[in-house]
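By convention in this document, chain letters (A, B, ...) are assigned in the order of the sequence lines, proteins followed by strands, and residues within each chain are numbered from 1.
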Amino acid sequence: MGGDQLPKAYEPAEIEAKWYNFWESQKLFRAEEDRTGKEYSIVIPPPNVTGSLHMGHALNNTLQDILIRYHRMNGYNTLWMPGTDHAGIATQNVVEKQLALEGKTREDLGREQFIERVWQWKEHSGGVIINQLKRLGCSCDWDRERFTMDQGLSRAVREVFVRLYEEGLIYKGDYIVNWCPRCHTALSDLEVEHEDSDGFLWHIRYPVEDSGESLVVATTRPETMLGDTAVAVNPEDQRYRHLIGKNAILPLVGRKLIIIGDPIVAMDFGTGALKVTPSHDMTDFELSRRHNLDRVTIMDTSGRINDNGIHFSGMDRYECRRAIVEELDQKGFLAGIEKYKVGLGRCYRCKDVVEPLISKQWFVKVEPLAKKALEAVETGKTRIVPESWTKTYYEWMRNIRDWCVSRQIWWGHRIPAWTCEDCGEVIVARETPSQCTTCNGSRLVQETDVLDTWFSSALWPFSTMGWPDSTRLLQTFYPTSCLVTGFDILFFWVARMMMMGLKFRDDVPFREVYIHALVRDEEGKKMSKSLGNVIDPLMVMDKYGTDAFRFTLAALAAQGRDIRLSESRIEGYRNFMNKLWNAARFALPYLENSQGKTSLDSQTAFSLEERWILSRLNRTIGEVHDAITSYRFNDAAQALYHFAWHEFCDWYIEQAKIPLNASGSPEAARAAAVLRHVLDSLMRMLHPFIPFITEEIATKIPSNGHTIIRGPYPVVNESLLDSEAEREMNVLMGLISSVRNIRAEMNLAPGKPLDVVVFPSSPEEGELVLGSCLMVRSLGKVGDLTVHPHDTDREPPRMAATAVVGDMRVFVPLEGVVDPDAEISRLEKELSKIEKEYDAVRRKLANDAFLSKAKPEAVQKQRDREAELAAKLSGLGEGLTKMRSLKSA
RNA sequence: GGGCGGGUAGCUCAGGGGGAGAGCACUGCCUUCACACGGCAGGGGUCGGAGGUUCAAAUCCUCUCCCGCCUACCA
């Protein structure tokens with residue numbers, strides 16, 4: 001034995017690298033598109049090419065890998081489709097920052113050169129995150145890696161755009177959109193982050209023409225008054241209704257503003273009068289459509305006041321605000337200022353304050369698409385887990401608004417639309433047209449806008465599989481089995497994939513969506529670079545190993561709750577890895593010749609301890625299976641942790657040392673066979689969670705072959721479930737624990753053997769203890785173990801510590817060893833605890849209402865408990881009485 | 001304004017109508033031939049607050065107070 005020279009502590013680094021290289025080089029992650037049978041597929045939420053692995057990725061991809069590895073081991077033809085997203089604005093910003101360091105702007109380079117530069121950057125450092133995913137152990141089918149801007153996906157994007165356009169589901173028009181003055185592009189509603197910030201509500205007096213009256217309006221953005229074209233009041237408002245139809249005069253500018261009545265105006269907010277600035281406010285834009293109002297744009301795309309801004313023109317928006325307020329004040333138009341929490345919209349990429357601005361944009365008409373996406377979830381074609389998110393999904397789908405898909409940036413899918421400079425015809429086509437379809441002119445100019453990044457992401461489940469071609473891959477793996485994602489992109493991505501999948505594949509993109517929590521810091525804040533509260537997953541993997549990290553994430557991934565990651569938790573699971581490692585270090589030397597000698601099917605041959613561990617093993621297999629298939633990763637992790645550490649290591653291995661050391665005996669061979677089976681099953685069960693250490697250990701088990709990555713995954717063997725063995729082991733473990741407790745509480749030396757006398761409550765129990773006396777003596781450090789026959793007169797030892805296990809009495813004779821006071825206080829402590837419980841149970845059983853109304857099982861349970869507690873009380877009570885009398889004697 | 005989730009041991013979190021759980025931290029003993037990243041034995045909680053339903057409530061209902069998130073055209 002001991003041929004293996006395993007290090008005492010598990011050292012992950014080398015083992016992780018070794019196995020990942022092996023798996024990848026042997027193509028063990030490969031999906032077989034031509035194999036029919038049961039399939040399981042997941043498309044990865046493509047990380048941004050700009051990205052480096054953060055906690056969100058780590059969690060997301062660990063969970064996917066668990067599902068993928070689990071199904072692969074269970075014999076499924078498994079596809080995990082990997083890839084990255086071009087991340088339009090984000091990536092463009094990164095490269096622009098690099099240019100800024102060289103003192104250049106993208107305009108200096110020009111569009112073509114700039115895009116070339118982004119591609120260079122992408123080729124050069126865009127793969128970082130892929131390597132980090134490999135480091136995490138992700139078993140993606142890397143040969144199929146895709147990129148949202150590669151040729152195939154670009155083709156899919158154009159195909160979708162053209163078809164939607166042809167069906168009238170894409171249109172172009174002047175609308176007010178969220179505009180980022182820093183990124184110089186429109187943003188979708190979703191790309192705007194809202195926050196409350198300290199601000200003011202300014203009250204401004206607008207004189208009413210031909211009357212001595214004036215209207216006071218309230219606004220948080222006084223600078224926009226330069227673009228006012230109306231004043232609105234609620235038609236029900238008695239204060240103002242007589243003014244409707246008259247004109248107000250815009251201070252400083254002198255423009256006439258029609259006073260309109262519209263129910264949108266809240267009478268109880270501010271002054272009840274609303275200044276209307278159609279070009280710079282979403283609500284006001286709506287009002288202008290309803291009431292046919294003029295629109296005056298007073299700001300340019302950088303947030304500066306334009307030529308319509310009289311003498312304020314050229315000012316920055318905030319500079320203008322200060323100047324206007326000052327001038328209004330000077331000229332007596334300022335009626336008041338109050339402090340107010342203003343809702344600000346910020347660009348989700350650069351955090352600059354978004355400006356509502358009118359511009360020409362492309363929109364997707366989503367209502368018809370949303371309808372089907374809604375139905376698909378309602379009818380269960382796609383199931384959202386946890387279910388609570390379905391409500392959120394419905395809510396959004398029902399109130400969905402058209403999707404602004406054009407972006408005024410350079411990096412992305414350029415919109416496949418051309419305008420004829422001769423006749424003005426707009427041509428939308430899959431391929432670049434050479435001449436105008438209307439006038440045959442050849443002066444065609446392509447649209448400069450690109451598409452929202454999420455447009456291509458929306459096609460991801462089928463574009464990655466070769467669509468619009470009808471490929472084998474699509475036929476085999478679409479719809480995918482599951483999508484794993486965070487709720488932060490439920491609308492951005494999940495909802496849109498649903499719409500596009502149903503539209504273009506006539507089927508849902510995935511049968512299930514598992515929505516996991518967000519990883520937050522210890523204070524519950526979202527981890528982000530700008531907050532400086534990130535825990536770097538790469539650092540964690542370096543320090544604790546990938547397996548420990550993955551197991552932590554799985555253990556914390558309870559449904560419907562955010563994860564607050566703390567390093568101490570990871571450390572705890574690192575220790576678990578070490579525990580597994582050392583269990584293997586112990587076991588492996590015994591397994592050299594164990595295979596084949598004992599069949600695990602012949603239950604009768606096993607010892608009680610073996611029947612017990614095999615039963616517990618199979619129950620755990622069942623629990624883990626249930627947990628994984630219902631996305632309760634934390635339950636699976638906990639069941640495995642508990643079984644491995646507190647059943648297998650703490651009890652089974654400790655006990656197995658006895659037969660194993662009787663080398664050459666049949667008991668030794670059988671114990672080795674069981675040890676081998678349990679260790680092997682445990683590694684296989686754990687493999688989806690912690691692939692590296694389990695592969696290392698499992699492949700060291702003699703005759704196991706080269707890898708467990710393709711399974712099989714353990715399945716429950718019903719014939720090994722053994723409630724009787726579990727019950728009996730509980731008695732024995734209770735007995736051993738009670739001896740240990742006496743030893744510890746009475747400060748007896750840990751190494752000192754204690755004699756133990758047992759009064760069993762039945763002949764069977766006596767045989768049970770005798771049958772396992774080796775284990776009891778070894779694990780309890782027992783010297784002489786005396787089991788009194790059940791049916792004889794039994795006199796407890798004169799001076800002994802007492803314990804009760806079930807109905808069994810346990811005595812540890814302590815004549816001359818210890819002060820009775822120690823035993824008295826130990827018993828008193830124990831008794832007071834039990835008495836409290838006992839009283840509660842008796843009160844319950846004395847309650848007629850309980851007896852008559854409660855379920856019979858519940859009553860019986862309480863009766864059983866009462867009996868058990870009574871036995872304990874009387875046993876311990878007797879011991880106490882005796883000890884007291886001995887003391888006084 | 002609307003919606004969702006959460007407030008359980010010092011910390012991080014499970015549980016979700018009938019005996020309050022885990023990990024870490026803590027206390028005591030132990031360097032026993034797999035593991036001190038360990039073993040054994042312990043201590044610790046009126047389950048945010050108030051009502052209600054029930055024989056029985058941490059768990060269900062109502063109200064309430066905090067915390068977080070999503071969403072919204074009260075400027």
Could you tell me whether [X] contacts a base, only the sugar-phosphate backbone, or nothing, with contacts defined as non-hydrogen atoms closer than 4.0 Å?
| X | value |
| --- | --- |
| V859(A) | nothing |
| S737(A) | sugar-phosphate |
| E745(A) | sugar-phosphate |
| S568(A) | sugar-phosphate |
| D848(A) | nothing |
| H280(A) | nothing |
| Y641(A) | sugar-phosphate |

Give me the residues of [range] where at least one heavy atom lies under 4.0 Å from an atom of RNA chain B, by number, or none.
| range | value |
| --- | --- |
| residues 338-346 of chain A | Y340(A) |
| residues 827-836 of chain A | K833(A) |
| residues 575-587 of chain A | N575(A), N578(A), K579(A), N582(A), A583(A), R585(A), F586(A) |

Closest nucleotide among A75(B), C69(B), G23(B) to the H646(A) side chain: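 Closest nucleotide to the H646(A) side chain: G23(B).
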Check every atom of G42(B), U32(B), G23(B) against the side chain of K781(A) and return the nucleotide holding the closest atom.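 Closest of the options to the side chain of K781(A): U32(B).
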Distance-only donor-acceptor test (3.5 Å): side chain E654(A), base A34(B):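 For E654(A), whose side chain was compared with the base of A34(B), there is a donor-acceptor pair (under 3.5 Å).
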Is any N or O donor-acceptor pair between the side chain of K8(A) and the base of A36(B) shorter than 3.5 Å?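 In this structure, the two groups form no donor-acceptor pair.
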Identify, with sequence neighbours excluded, every residue that meets side chain to side chain contact (heavy atoms under 4.5 Å, CB included) alongside [X].
| X | value |
| --- | --- |
| Y394(A) | L374(A), V377(A), E378(A), T390(A), R398(A) |
| P222(A) | W202(A), I204(A), T219(A), R321(A), I324(A), V325(A) |
| R585(A) | L6(A), K8(A), W581(A), N582(A) |
| E866(A) | Y838(A), V841(A), R842(A), L845(A) |

Check for me whether the distance between the ring centres of Y573(A) and Y544(A) falls short of 6.0 Å.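 No - the distance between ring centres of Y573(A) and Y544(A) does not fall below the 6.0 Å cut-off.
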Does the separation of the ring centres of Y514(A) and F633(A) fall below 6.0 angstrom?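 Close enough - the centres of the two rings lie under 6.0 Å apart.
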Between E857(A) and K861(A), is there a side-chain N and carboxylate O pair less than 4.0 Å apart?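 Salt bridge absent between E857(A) and K861(A).
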Would K341(A) and D196(A) pass as an ion pair if we require N to O under 4.0 Å?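 Salt bridge: no.
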Which residues pass the side chain to side chain donor-acceptor pair (under 3.5 Å) test with N234(A), sequence neighbours left out?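 Here no residue qualifies.
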Partners of E355(A) by side chain to side chain donor-acceptor pair (under 3.5 Å), sequence neighbours excluded?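 For E355(A), the residues satisfying side chain to side chain donor-acceptor pair (under 3.5 Å) (neighbours in sequence not counted) are R221(A), R317(A).
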Mind checking the CZ-CG spacing from F269(A) to L274(A)? Nearest 0.5 Å is all I need.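 F269(A) atom CZ to L274(A) atom CG measures 9.5 Å (nearest 0.5 Å).
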Where do N or O atoms of nucleotides 29-31 of chain B meet protein N or O atoms at under 3.5 Å, pair by pair?
none

How would you list, by chain and number, every residue that makes a salt bridge (charged side-chain N to carboxylate O under 4.0 Å, His left out) with D284(A), sequence neighbours excluded?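 By the salt bridge (charged side-chain N to carboxylate O under 4.0 Å, His left out) rule, D284(A) matches no residue at all.
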Under-3.5 Å N/O pairs linking protein and nucleotides 17-19 of chain B:
| unit_1 | atom_1 | unit_2 | atom_2 | d |
| --- | --- | --- | --- | --- |
| G18(B) | O2' | K844(A) | NZ | 3.4 |
| G18(B) | O2' | Q862(A) | NE2 | 3.0 |
| G18(B) | O6 | K855(A) | N | 3.4 |
| G19(B) | O2' | R865(A) | NH2 | 3.1 |
| G19(B) | N2 | R865(A) | NE | 3.2 |
| G19(B) | N3 | R865(A) | NE | 2.7 |

